[in-house]
Every structure is written in C-alpha cells, then in structure tokens.
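This report concerns only the one structure given below.
Position 1 is the first residue of the sequence, and the numbers go up from there.
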Amino acid sequence: MSTEDRPPAPRSLAEALRARGDAALGALLRSRPDLITPVPTDLTQLATRAGTRASVVRALERLDRFALQTAEALAVAADPASYGELLGLMAGDDADPAVVAALPHALDVLREQALVWGDDDRLRLVRTARELLAPSPQHPSPTGLGPSVREATAGMSPGRIQEIVTAAGLASTHDSVSAVSALAGLFTDRARMAALLADAPADSVEVLERLVWGPPYGQVTADPAPRLRWLLDRGLLLPTAPGTVVLPREVALHLRRGLAHRTPEPVPPVVEAAAVHRPQVVDSTAAGQAYTALATVEELLKDWDEGGPAVLRAGGLSMRDLKRTAVALDVPEPVAAFWVELAYAAGLIASDGEADERYAATPAYDEWREQPPAERWSRLVTAWLAATRTAGLVGGRDAKERTLSALGPGLDRSAAPEVRHRVLALLAGLPEGAAPAAASVLARLRWERPLRGDRREDDLRGRLAEWALSEAELLGVTGRGALSAQGRALLGAPAAAAPGPEAEPSGPGDKLPVHHHHRPAPLAPLSAAEQAVASAAAARLLAPLLPEPLDHVLLQADLTAVAPGPLRRPLADVLGVLADVESKGGATVYRFTPGSVRRALDAGQAASDLHAFLAAHSRTPVPQPLAYLIDDVARRHGHLRVGAASAYVRCDDDAVLSEILADKRAAGLGLRRLAPTVLAAQADPSGLLEGLRAMGFAPAAESAEGDVLITRALAHRTPPRTAPEPVPDGPPVPDDTLLAAALRAIRAGDLASTTPRKPGAAPAVNGEPPRTGAAETLATMQAAVLTGEALWIGYVNAEGAASQRVIAPVRVEGGFVTAYDHTADEVRTYPLHRITGVAELADDAG
C-alpha cells in the first residue's frame with residue numbers, strides 16, 4: 001500500500017478504536033468486561049473508561065508474563081516507540097529467536113485490550129499504564145531500570161551538565177537541552193559507549209555491574225571514592241538526591257546488551273507429568289474417592305440431622321464445633337472444613353433462622369439423598385467448581401486479625417472458580433492417566449498471571465491452585481493425581497485418546513514417556529447451561545464405576561453385622577438406628593447394643609419387627625445372642641413411664657420404684673414417692689429419661705394422655721434455602737446478545753457525536769446536543785420532514801438513560817415524531833417531550 005493510500009495514523013485511543021471493526025471491538029469488551037458496565041455512550045467515552053486507573057490495573061493483572069514484560073518494556077521506551085525499538089528491548093542485541101517469534105502475539109494482546117494503540121512505527125502505551133509501569137524512586141520498575149538521562153538531569157545546574165559533557169569527551173554546547181541530548185546519544189551509541197568504558201577503571205566497571213540489573217540506586221558520601229568519582233564525572237552515575245546516585249537507563253541498557261528484562265519469558269513453562277498410571281486405575285480410584293465423598297457428606301448431614309452446631313454471633317462455626325465435626329468424620333480439621341463448606345455451597349445445609357440459631361440440613365438435602373449416587377456427586381462437584389467460598393482459609397486471619405471460621409464471613413475469594421477451572425484444564429492438557437508435578441502447575445499459573453508489586457507477598461492464586469489439586473482428589477475428579485474420565489467430561493473436554501499397546505505400562509505405577517509438543521487449546525469456562533450438560537455427561541461416566549448398593553448384611557455371633565459394601569437406603573437407614581457403626585472402610589461393621597436396640601424401640605419398632613427385619617436382610621442366620629438381646633430389651637422397654645409433672649415416673653411394679661429410690665445414682669434426680677406406683681422428680685422429662693437409662697432401666701416417655709411417645713429420629717430441617725451465590729470476579733463476560741446490543745449502542749452514539757453539524761447551529765456542550773426549547777424542537781422537526789434532512793437529537797428514555805441519535809423525521813403528530821433512526825438502522829417513534837435538544841446536520845454529513 002502506498003503512502004497516499006494508507007489511512008492516517010490515529011491521533012488518540014478513541015480514533016484507534018473508531019478504526020476497529022465490530023469483531024475487534026467485541027474482543028476488547030470480552031477481555032475487559034468492566035468497560036461495558038454501563039454501556040458507553042460512544043467510542044470517546046469507551047476510550048476514556050479504558051484509560052482509568054482501576055480498569056488499567058485490572059487489565060494489567062490479567063496479562064501473562066510475556067505480555068506484561070512487553071508492556072513494561074514499552075513503559076521504559078520512547079513515547080511513541082517503533083516496533084524495532086520494542087524488539088530491541090525485548091530480544092536484545094542477540095535477537096533471541098523465541099522472543100522474536102512471540103513478540104507479535106504479545107503486542108496483539110496489548111492492542112486488543114486497548115493498552116497499546118498506534119501503528120508499528122508509533123506504538124503508544126496508554127498514559128495510565130505508563131504511569132503504573134514506568135520506573136520511579138517510589139515504585140521501581142520490574143525491569144530494574146532507572147530514569148533516563150533527561151529525567152535524571154532535570155534538576156541539575158547547566159554548569160554541572162556542561163562539566164559532565166566535557167568529561168565524557170563531548171563538545172560543550174550552548175544550552176542544557178542539547179547537552180543532555182548529546183550525552184544520551186553517546187550512551188545509546190554502542191561503539192562510542194564501548195570505547196568510553198574501555199578506559200574505565202576496573203573497580204568502576206564493577207560498580208556498574210552491581211547496579212545494572214537493579215535496583216539502579218546507590219549511596220555515596222560527600223567525598224566519593226575515586227572509582228565513583230570517575231563515573232560521576234562522566235554521567236555514568238547521576239545524583240538524584242543528597243547521598244543518592246542512579247544508573248541512567250541508557251547506560252544500563254548498553255551494559256545489558258539492549259535487554260529491558262534480565263530473563264524474558266516468551267514461552268509458558270511446561271506442565272510436567274510426575275507419573276503416568278493406567279487410565280482404568282485412575283478412573284476406578286477417582287470413583288472410589290467419589291463414593292467416599294458422598295458417604296462423608298451424608299455422614300456429616302446425618303450427624304446434624306436433629307439440629308447441628310450453634311451459629312456464632314458473628315456467623316459461622318466455632319472452632320470447637322469444627323473439631324467435634326472432624327472427630328465425627330474421622331478427618332483432619334481442614335478437611336472437615338472443606339466438607340462443611342461444600343455442603344453449604346451445594347445448598348444442603350444452612351442456618352435454621354430460629355431464635356437459638358443452629359445449622360441444619362435444608363429440604364434440598366432430602367431431594368439430594370433420593371437421587372442416584374452419580375447425580376449426587378455431579379451436584380457436589382458442580383457446586384465446588386463455581387463456589388467462591390474457600391475452605392482453605394478457615395483458621396487464618398482476616399485484615400482485622402479476626403479468625404476466619406467455617407461457614408462464616410470473609411471466605412469468598414472471587415478468583416477461586418477461575419483457578420480451579422484452569423488447574424483442571426492444565427491437567428486435561430496432559431496425556432490420559434498422567435499426574436502432574438504440582439510445582440510445574442504452580443509455575444505455569446504464575447506465568448499466566450504473574451504477581452505484581454505487593455501481591456508478591458500473598459500468592460493467593462498459588463494457594464488456590466494447591467487447594468484445588470487436593471480438593472479435586474477428595475471429590476474424585478482426579479485419581480492418583482491424574483484427571484479422570486469423568487473429570488474431563490466435567491470440563492467439557494473431549495475424551496483423551498487411549499494409548500497404543502506399545503505405550504501400555506506394565507504396572508499401575510509405571511511411567512510412560514510424556515510428549516508435550518502438542519497441547520490442546522485452552523478450555524474456556526462453560527456457561528451455566530453448558531456446565532449442566534457437561535455435569536450430566538460426567539455423571540453418566542461415573543455411574544458404572546460406583547459400587548452397586550447391597551440389600552443384605554452378614555450377622556455375626558459377637559453382636560455385630562458386616563456390610564460388605566454400600567447398602568441400599570432403606571436398609572442403611574434402619575440399620576443405622578438399630579446398631580452403632582463400629583468401623584468403616586471397604587466393609588462397614590455395625591454393633592448391636594442395648595442402647596441401640598432401645599433406640600429402635602423408641603422409634604416405634606416392635607421386637608417382632610426387628611426380628612423380621614434382620615431375618616429378611618441377613619445372608620446368615622440371626623445369631624441367638626442377638627435375638628436374646630432384642631427380646632430382653634423389648635421386655636423391659638416401657639416398663640417405666642416418664643411424663644411431665646415437672647416430671648414423674650410411674651410403674652405398675654412398686655418394687656421397681658423402690659429399687660430406684662434406694663439407688664444412690666438417683667440422688668441427683670430429686671425423686672419422691674407420690675403413690676405406690678408413681679414417683680415425682682425435680683428433673684425435666686428428658687433429664688429423667690437419661691438418668692434412668694444410665695442406671696440400666698429402659699423407660700419410655702408418655703404423653704399427657706398416657707400414650708407412649710414414639711421418638712423417631714427427628715429430621716430437623718431449615719426453611720427452604722438457596723445455595724450461596726458466588727461472589728463474581730468483576731463484571732461477567734458479556735454474552736453474544738448483550739455484546740451485539742452494546743456494539744450497536746456504542747456505534748450509534750459515536751455516529752451521533754461525530755456527525756458534522758451545520759455552521760451557525762447552536763454549539764454542542766461536552767459533545768452532547770444543545771438544549772432547545774419545546775417550540776424550537778417542534779419547528780425544527782417539522783422543517784426536517786419537509787426537507788428530508790437528518791437531525792442530531794438528545795433523547796432520554798423511560799428509564800432515564802440519555803443517548804444521542806441521528807434521525808430523519810418522517811412524520812410529526814400527536815406529540816410524537818416518527819423517524820428513520822440512522823443509529824439503530826430502523827424506523828422508530830419518539831415522544832417529543834423526551835427529546836432534550838436538536839441540531840441540524842451539515843449537508844454532506846455521512
């Protein structure tokens with residue numbers, strides 16, 4: 001393209017955006033969704049918003065390491081800079097081939113995100129980004145470079161500048177500006193600079209070498225040593241404050257052979273495989289973990305079924321209750337916190353909202369329990385993927401040094417879902433069955449989102465990634481550290497190709513050669529609808545791998561029952577009341593005790609029901625000791641009756657009551673005889689029941705009418721509750737519909753604001769249409785109908801949103817104007833009272 005045919009170079013970011021097509025503008029709004037909230041009125045406002053500090057900081061934090069290094073190099077380059085100058089800063093004098101190959105893409109990323117604009121011969125970093133990334137004494141640059149010669153000599157006396165120029169072997173000049181330019185020219189001339197340094201004392205060169213990669217500042221005394229004096233005299237070190245000197249940027253770049261960064265990182269670190277297992281082993285191991293996860297959540301909710309721990313005044317679970325829950329689940333406290341938070345995120349537990357507020361299962365828990373196991377697992381992992389609440393923070397401190405508690409405030413970290421998804425996506429990029437080295441995963445994530453400034457002290461993303469790896473293993477998304485088939489499906493990733501026979505390892509722990517030259521494209525996070533489809537696919541893959549529930553147990557003569565696998569729900573529910581769990585694992589051992597049998601009788605079961613139940617569900621005959629135990633407890637069950645007086649005990653056998661009165665253990669109950677068959681107590685009914693049971697009796701509670709109260713296990717439930725909403729990490733990425741509407745609105749507003757007006761028309765204020773009265777507006781509209789001219793109007797809709805439009809009025813009547821709206825490309829009708837101003841357009845307005 002000839003110089004005459006080339007479009008003029010943009011003079012501002014707004015002009016650069018105006019030259020973009022809809023696809024490029026859409027890419028900008030997707031990568032920086034904060035720019036679309038609310039929708040800008042035109043491209044000038046979009047450019048202004050793209051240059052605000054908060055938006056630029058957010059954009060910089062989302063750059064990968066090489067793109068950020070490119071932006072940092074532009075911040076220390078001339079403004080504007082050419083592509084050749086940028087390439088020299090990134091690739092150095094040796095022109096590193098990897099940097100040369102990667103730089104165009106990095107520059108495209110910066111341009112796409114409107115952090116850089118201009119053609120290759122005039123690249124400009126947006127002003128706010130330059131201010132954030134350029135070196136200063138208060139905010140050193142990550143490049144380690146100091147100020148330029150011009151910046152460092154800004155406050156220096158003209159006489160001193162001339163002395164430095166002369167000492168450096170340059171001719172004196174008539175003014176400071178040309179002297180500084182001559183000195184900078186010397187420092188950027190490789191040959192002359194090499195000659196100057198060839199004459200430098202060795203210890204002076206050593207000083208430069210200590211400062212060359214930063215920090216570029218050093219301390220000197222009032223009487224510098226000869227090695228420093230030599231450097232100061234020639235401007236190779238320049239004073240910035242009393243006792244402080246700095247290495248000028250141009251000198252450092254010469255010593256670095258042109259490199260702005262000591263170690264440019266154009267290529268992301270490879271995620272390495274620590275081990276490779278058979279895919280079948282990975283999937284079966286993950287399925288076993290998935291089953292354990294379901295059992296753990298059920299056990300947690302069963303423990304809280306009659307009302308869980310109290311809610312702290314500040315919200316959350318006390319550390320004592322968390323420890324008690326960890327003991328009940330037989331897991332460490334951090335793992336218990338994870339299960340509690342997962343159940344909360346899935347909407348299975350919540351606070352009951354009562355005056356004495358406690359945590360309990362929600363009605364959704366009952367629906368969840370009735371679902372097939374694979375679907376229950378799918379619901380848990382879907383909630384985990386999207387949750388911003390971060391269990392790993394439990395036990396830590398917030399900004400006010402308060403302890404963070406499980407289910408309490410302060411646990412939301414908006415980056416958590418993105419990090420979890422990215423970690424799993426990196427695992428999906430490995431060969432099937434490959435478990436990654438955790439350190440390589442963390443290194444890759446740090447390259448993709450490098451730490452800047454104070455954030456280096458708190459590598460939250462690194463901790464989130466470590467927690468994601470361990471939590472994925474707990475949930476059965478991974479098995480032996482490798483992503484399972486159901487884990488791949490959960491991400492919407494295609495199934496990995498099965499390895500050929502020649503690559504099959506001889507054992508589950510054997511390693512396979514892992515080739516990293518081919519990697520799939522990064523997996524994008526799924527929409528809610530896409531995630532539902534992916535979760536259903538994951539559940540279908542998991543279902544055949546889960547153990548089939550059993551409908552029988554093996555009764556033992558030692559009053560135990562062995563469940564050789566998971567039990568069907570009715571059997572598990574009844575057995576959980578009739579017996580106590582003694583041990584868990586591949587097989588669960590239940591023990592029958594007088595207390596557990598009494599618990600079943602309290603729940604309304606008769607002895608005959610228990611005998612029939614055991615006979616129907618045991619593959620072995622019912623042992624005689626167990627039958628005797630049931631009959632013995634049933635014979636004594638309900639012989640004593642406890643009701644509310646404050647409390648009383650009645651029994652048809654007065655000898656039993658006499659035995660109770662004579663027992664020293666009854667002293668605390670405050671018993672006294674009211675009648676031969678009735679005792680009154682000072683204790684409440686529940687305390688009296690517990691006291692008599694501790695003495696070896698089997699009392700039954702009765703109602704005011706004298707009927708035995710059936711104390712079934714109460715399923716305390718909260719009112720209907722919704723799962724906690726994740727805290728978004730900034731505005732959501734706009735969908736295609738919103739993006740198309742926003743682009744139309746921005747283009748429309750830009751057309752209205754840039755269309756030329758007729759000479760002599762009322763002037764616009766701040767780019768908005770002039771204010772006109774109702775009569776003038778009506779007259780202008782009517783005239784435009786006759787002449788067919790287009791008008792520029794300001795309009796306020798029913799929601800109070802103001803906009804600018806270019807219209808061609810067709811008809812004016814009844815307080816409305818019907819016109820062809822050029823900005824919307826359709827015919828519309830506008831109420832005249834909502835038009836705030838009108839101006840005529842130039843005859844040649846496009």
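- The minimum heavy-atom distance between Arg32 and Ala50, with the atom names listed, is NH2-O, 2.9 Å.
- No side-chain heavy atom of Asp64 sits under 4.5 Å from any side-chain heavy atom of Glu265.
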For this session: Please report the C-alpha distance between Thr388 and Arg413 in whole Å, then the side-chain angles of each, then the deciding distance to 0.1 Å, and finally whether the side-chain contact (heavy atoms from CB on, under 4.5 Å) criterion is met.
Result: CA-CA 5 Å; Thr388 54; Arg413 296 295 182 271; 5.9 Å; no
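- A heavy-atom distance below 4.5 Å is found between the side chains of Leu60 and Leu133.
- Checked by atom type, the side-chain pair Asp34/Ser55 shows a donor-acceptor distance below 3.5 Å.
- A salt bridge links Arg249 with Glu151; the closest basic N to acidic carboxylate O contact falls under 4.0 Å.
- Applying the side chain to side chain contact (heavy atoms under 4.5 Å, CB included) test to Arg30 and every residue at least two apart in sequence or in another chain returns Val733, Asp736, Leu739.
- For the residue pair Thr48/Gln45, the side-chain donor-acceptor check at 3.5 Å is not satisfied.
- Inter-residue side-chain proximity for Leu259 and Leu89 is flagged as unmet; no heavy-atom pair is nearer than 4.5 Å.
- Minimum heavy-atom separation, His261 to Trp213: C-CZ3, 3.7 Å.
- The shortest side-chain heavy-atom distance between Leu186 and Asp189 does not fall under the 4.5 Å cut-off.
- In this structure, Arg190 places its CZ atom where more than 12 heavy-atom neighbours from other residues, nucleotides or ligands lie under 6.0 Å away.
- By the 4.5 Å heavy-atom criterion applied to side chains, Thr240 and Tyr217 are counted as neighbours.
- A salt bridge does not link Arg124 to Asp119: none of the charged side-chain nitrogens sits closer than 4.0 Å to a carboxylate oxygen.
- Put simply, the side chain of His421 reaches to within 4.5 Å of the side chain of Leu491, judged on heavy atoms.
- Classification of Arg449 and Glu61 as a salt-bridged pair fails, no side-chain N sitting under 4.0 Å from a carboxylate O.
- At least one side-chain heavy atom of Phe66 sits under 4.5 Å from a side-chain heavy atom of Val99.
- Under a 4.0 Å N-O distance rule, the pair Arg461/Glu418 qualifies as a salt bridge.
- For Arg210, the CZ atom is densely surrounded, since the number of other residues' heavy atoms within 6.0 Å is greater than 12.
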For this session: Please step through salt bridge (Lys or Arg N to Asp or Glu O under 4.0 Å) for the pair Asp79 and Arg127, ending with a clear verdict.
Result: CA-CA 10 Å; Asp79 186 24; Arg127 180 177 53 82; over 6 Å; no
Exercise. Could you walk me through whether Ser527 and Glu530 pass the side chain to side chain donor-acceptor pair (under 3.5 Å) check?
Worked result: CA-CA 5 Å; Ser527 66; Glu530 292 170 336; 3.3 Å; yes
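- With 3.5 Å as the limit, one finds no donor-acceptor pair spanning the side chains of Thr143 and Arg262.
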For this session: Quick one: do Thr44 and Arg18 satisfy side chain to side chain donor-acceptor pair (under 3.5 Å)? Show the steps, please.
Result: CA-CA 9 Å; Thr44 300; Arg18 199 163 283 125; 3.2 Å; yes
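- For the pair Arg747 and Asp42, the salt-bridge criterion is not met [side-chain N within less than 4.0 Å of a carboxylate O].
- For Arg49, the CZ atom sits in a packed shell: over 12 heavy atoms of surrounding residues, nucleotides or ligands are nearer than 6.0 Å.
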